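Report on the structure given below.
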Amino acid sequence: MDTHTTPSPGRSDFIRDIVADDCAAGRVKSVVTRFPPEPNGYLHIGHAKSICLNFGIAMEFDGRCHLRFDDTNPAKEEQEYIDAIEADVRWLGFDWAEHLYYASDYFEQLYKWAVHLIRQGKAYVDDLSAEEIREHRGTLTEPGRESPWRGRSAQENLDLFARMRAGEFPNGSRVLRAKIDMASGNINFRDPVLYRILHARHPRTGDAWSIYPSYDFAHGQSDAIEGITHSICTLEFADHRPLYDWFIENLPVPSRPRQYEFARLNLTHTVLSKRVLLRLVHDGHVRGWDDPRMPTLSGLRRRGFPAEGIRDFASMIGVARADSVVEVEMLEHAVRDVLNRTAPRRFGVVDPLKVVIENYPEGHEHVEVPNNPEDESAGTRAVPFSRELWIEREDFMEEPPKKFFRLAPGREVRLRSAYFITCTDVVKDASGAVVELRCTYDSATRGGSAPDGRRPKATLHWLSVAHAVPAEVRLYGHLFANPLPGSDGRELLDDLNPGSEVVVQGFVEPAAAGAPLGHTVQFERLGYFCMDPDSTAGTPVFNRTLTLKDTWAKVRAKESAKSAEEPLAHP
RNA sequence: UGGGGCGUAGCCAAGCGGUAAGGCAGCGGACUUUGGAUCCGCCAUCCGUAGGUUCGAAUCCUACCGCCCCAGCCA
């Protein structure tokens, strides 16, 4: 059912324990789960947790997992979302084989079951308005009141329900309700709505229906029709479980699925709410659903996160019932772990500073650079080297602090896989800004090591000016500056990180410019990057997936904090 | 004041009556032609609190405290 190798932590969770028990006790012959997205938005990493859980369990227990669209509300659902969801689940690495379903496939059966309930005196057509129904529902602490229409005869209900279906009544004029208990402590039992009138065109059934079933009435029965054994959903549906069971018990359904709930994923520095994500897209705060800063699967993909990293993350965080907020660093760790093993190394310079090697002859040569130190079999590539180079501006300091090991006047460093160079002069413009470095190189250090065994404390990445390919580089950071956006009463949008996307003009080596879309490379010492679909023939566009872990940044921060205290320590 | 859940380290999370796994983050150190990676070490005398049962409790009982969800003709 699936082509990837599961990271399979061997660890279990309470749901897997239940499934294992059910199998051991013979309560289920074959495990059947389902992933039931509503096609009203794009899938995000929270859905990935559910997808990995449902498809993962199916794989581990030799069962199957269905992809079922919960398309019961044509007012919000679109074909665009259906297509995107399918693509995202596939990309994540899962396959539902022939088990693709839609709740709308069951509309006729669901209608018959509603009629069954009416005949049993367990459902009735209510003429109350939405507002009146709300008033009758009571509150969390007070019981509700029965609708005056609750006592209609089965015959009258049947007639009215048929006419609702036939489209005789306007939106909102009537609903079909279950007749359960208006005094129940569980508000879901206070005569829940089963069908509402909605004259809307459905992406799949078109204009065939003018009434649509509610989630509560459609979900469990759809599970039963498909023979789902374990219907796994998030915690907020726990209150609905008694109702889920009520329908299963009161209807002649072909199987008896059971519902289990787990805590949904929350991640720091982002937000996993379709409503908010939709707003970010519509209000233009991001480039779209697939903006590399979005927590959507399409966004993560465009950002360069490998599916394997997301799957690994899902198994790392586990499954439980306690509300939790996972630090985004855990996701980033899982992604770096995969990328470190698989991403080809390349050179790229994001903030170029020119270096002229005064004793290097005209012309150029090629040096061999390993494609991946983690993987010998990745081989090497030839990178052009010449007299004029680009290095990272950040790698030079005219007055280096104590722990800065990189280039400085008079200091020698290694250019990765090439030569040792020593800075002999600093060229500045009228404003005093450094515009060029004059250096000398040691021809005996070709390849990056010296015959006399001396070892510079720093190794820099570089690019030959004549061969470097100009590129637009988009540097991405967290979408929200605050770990818990909108917390402490702050306005959510005020927490957006203004520096979440910084676009710069840089250069990349020729081998990187030809990288295929969808493949993430490492620009040595900078981080992981991937080509964006916005790339044109002339100028490639690279998205920074993640930076490498940066010990120097920590040291630098610590040192500057220390020096800030100095004046106080020594008045 | 109703109903349903949950509380184990900064974060995620095992644990299911026999004396606190693992991961992330952090902190030290080794190694290093990426200040990357890798490796080694440290990081809960204690499991929301208070009682109780027991030879023995994070695990059982009681009470209390705190947090989350539910009053859509959304899912």
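In this text the structure is predicted, and so the values were computed from the model without any measurement. Just so we're on the same page: letters track the sequence lines, and every chain starts at 1. As a basis for the values below, the full set of heavy atoms in this structure was taken, side chains included, without hydrogen atoms, waters or symmetry mates.
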Whole-angstrom distance between B/U34 and B/C42, as gauged at atom C1' = 27 Å

Give one of base, sugar-phosphate or nothing for A/Arg177, where a contact means two heavy atoms less than 4.0 Å apart.
-> nothing

NA contact type, A/Arg345, heavy-atom cut-off 4.0 Å: base, sugar-phosphate, or nothing?
-> base

May I ask you to check if A/Arg165 and A/Trp209 form a cation-pi contact, with NZ or CZ under 6.0 angstrom from the six-membered ring centre and within 45° of the axis?
-> yes

Nearest listed nucleotide, side chain of A/Ala322, among B/G36, B/G7, B/A75 = B/G7

Check every atom of B/C12, B/G23, B/C73 against the side chain of A/Ser324 and return the nucleotide holding the closest atom.
-> B/C12

Side chain of A/Asp323: nearest nucleotide among B/G5, B/U34, B/G72?
-> B/G5

Look at the rings of A/Phe507 and A/Trp390 and say which category their plane angle falls in: under 30° parallel, 30 to 60° tilted, over 60° perpendicular.
-> parallel

Looking for any heavy atom pair under 4.0 Å, which part of the strands does A/Lys457 touch: base, sugar-phosphate only, or nothing?
-> nothing

Taking the six-membered ring for Trp, are A/Tyr215 and A/Phe237 ring centroids under 6.0 Å apart?
-> yes

Taking only N and O in the side chain of A/Arg525, is any of them less than 4.0 Å away from OP1 or OP2 of B/U33?
-> no

With the side chain defined as heavy atoms from C-beta on, A/Ile317 is closest, among B/A71, B/C12, B/G36, to B/C12

Find out whether the Lys NZ or Arg CZ of A/Arg174 is both under 6.0 angstrom from the six-membered ring centre of A/Phe169 and within 45° of the ring's axis.
-> yes

Please determine if a side-chain N or O atom of A/Arg455 lies less than 4.0 Å away from the OP1 or OP2 oxygen of B/U32.
-> yes

From CD1 of A/Ile180 across to P of B/G3 the rounded distance in Å is 18 Å

Would you classify A/Asn73 as touching base, sugar-phosphate or nothing, given that sugar-phosphate means primed atoms plus P, OP1 and OP2, and contacts are heavy atoms under 4.0 Å?
-> sugar-phosphate

Considering only the C1' atoms, how many Å lie between B/C46 and B/A14, rounded to the nearest integer?
-> 16 Å

Atom-pair distance (CG on A/Leu484; P on B/G10), nearest Å | 16 Å

Using atom C1' of each nucleotide, how far apart are B/G7 and B/C12 to the nearest Å?
-> 15 Å

Please walk me through it: do A/His240 and A/Asp216 pass side chain to side chain contact (heavy atoms under 4.5 Å, CB included)?
-> CA-CA 7 Å; A/His240 295 244; A/Asp216 284 312; 2.8 Å; yes

Nucleotide nearest A/Glu327 when distance is taken to its side chain, options B/A71, B/A75, B/C24 = B/C24

When rounded to the nearest Å, what value does the distance between C1' atoms of B/G51 and B/C67 take?
-> 23 Å

Give the nucleotide from the list B/C24, B/G35, B/U33 with an atom nearest to the side chain of A/Asp550.
-> B/G35

Which part of the nucleic acid does A/Arg321 contact within heavy-atom distance under 4.0 Å: base, sugar-phosphate only, or nothing?
-> sugar-phosphate

Determine the minimum heavy-atom distance between A/Leu353 and A/Phe396, stating which atoms define it.
-> CD2-CB, 4.0 Å

Please work out if A/Ala130 contacts a base, only the sugar-phosphate, or nothing of the nucleic acid, heavy-atom cut-off 4.0 Å.
-> base

Shortest non-hydrogen contact from A/Val319 toward A/Asp13 = O-CB, 3.6 Å

Out of B/C11, B/G5, B/G36, whichever nucleotide has its closest atom nearest the side chain of A/Pro373 = B/G36

Please work out if A/Asp70 contacts a base, only the sugar-phosphate, or nothing of the nucleic acid, heavy-atom cut-off 4.0 Å.
-> sugar-phosphate

Cationic tip of A/Arg201 above A/Tyr212 ring, under 6.0 Å, 45° of axis = no

hbond_proxy A/Glu374 side chain to B/G36 base (donor-acceptor, 3.5 Å cutoff) | yes

Look at the side chain of A/Asp239 against the base of B/G3 and say whether a donor-acceptor pair falls under 3.5 Å; ignore hydrogens and angles.
-> yes

Determine the contact category for A/Phe237: base if any of its heavy atoms lies under 4.0 Å from a base atom, sugar-phosphate if only primed atoms, P, OP1 or OP2 are that close, otherwise nothing.
-> base

N/O donor-acceptor pair, side chain A/Gln522 with base B/U34, under 3.5 angstrom = yes

Are A/Arg68 and A/Ser222 side-chain neighbours, meaning at least one heavy-atom pair lies under 4.5 Å?
-> yes

Can you find an N or O donor on one side and an acceptor on the other, under 3.5 Å apart, linking the side chain of A/His136 with the base of B/A71?
-> no

List the steps and the verdict of side chain to side chain donor-acceptor pair (under 3.5 Å) for A/Asn40 and A/Glu38.
-> CA-CA 6 Å; A/Asn40 67 341; A/Glu38 182 191 10; 2.9 Å; yes

Stacked cation flag A/Arg204 on A/Tyr102, 6.0 angstrom / 45 deg = yes

Write down the distance separating the C1' atoms in B/G18 and B/A58, rounded off to the nearest Å.
-> 13 Å

Have a look at B/G5 and give me syn or anti from its glycosidic angle (syn if within 90° of zero).
-> anti

Phosphate-side-chain proximity, A/Lys549 and B/U34, N/O vs OP1/OP2 below 4.0 Å | no

Closest to the A/Ile187 side chain, choosing from B/A71, B/A75, B/G23 | B/A71

Touch check for A/Ser184, heavy atoms < 4.0 angstrom, all strands: base, sugar-phosphate only, or nothing?
-> nothing

Under a 3.5 Å cut-off on both pairing distances, which runs of 3 or more consecutive Watson-Crick or G-U pairs involve RNA chain B?
-> B:2-7 with B:65-70, B:10-12 with B:22-24, B:26-30 with B:38-42, B:48-52 with B:60-64

Select base, sugar-phosphate, or nothing to describe what A/Val175 touches, counting heavy atoms under 4.0 Å on all strands.
-> base

Beyond-backbone contact of A/His478 with A/Thr270, side-chain heavy atoms, under 4.5 angstrom | no

Tell me, with the steps shown, if A/His219 and A/Arg34 meet side chain to side chain donor-acceptor pair (under 3.5 Å).
-> CA-CA 11 Å; A/His219 204 93; A/Arg34 105 266 92 116; 2.6 Å; yes

Which whole number of Å gives the distance between the C1' atom of B/U19 and that of B/A44?
-> 14 Å

Name the nucleic acid region contacted by A/Arg414, choosing base, sugar-phosphate or nothing; use a 4.0 angstrom heavy-atom cut-off, strictly under.
-> base

Give one of base, sugar-phosphate or nothing for A/Lys558, where a contact means two heavy atoms less than 4.0 Å apart.
-> sugar-phosphate

Using a 4.0 Å heavy-atom cut-off across all strands, classify A/Thr139 as base, sugar-phosphate, or nothing.
-> base

Rounded distance in Å between the P positions of B/A57 and B/C69 = 36 Å

Looking across every strand, which nucleic acid part, if any, lies under 4.0 Å from A/Thr141 by heavy atom: base, sugar-phosphate, or nothing?
-> base

Could you measure between the two P atoms, the one in B/C27 and the one in B/A20, and give it in whole Å?
-> 28 Å

Where along residues 257-272 of chain A does a heavy atom come under 4.0 Å from RNA chain B, residue by residue in number order?
-> none

Ring-base stacking, A/Trp552 with B/G35 (5.5 Å, 30° cut-offs) = yes

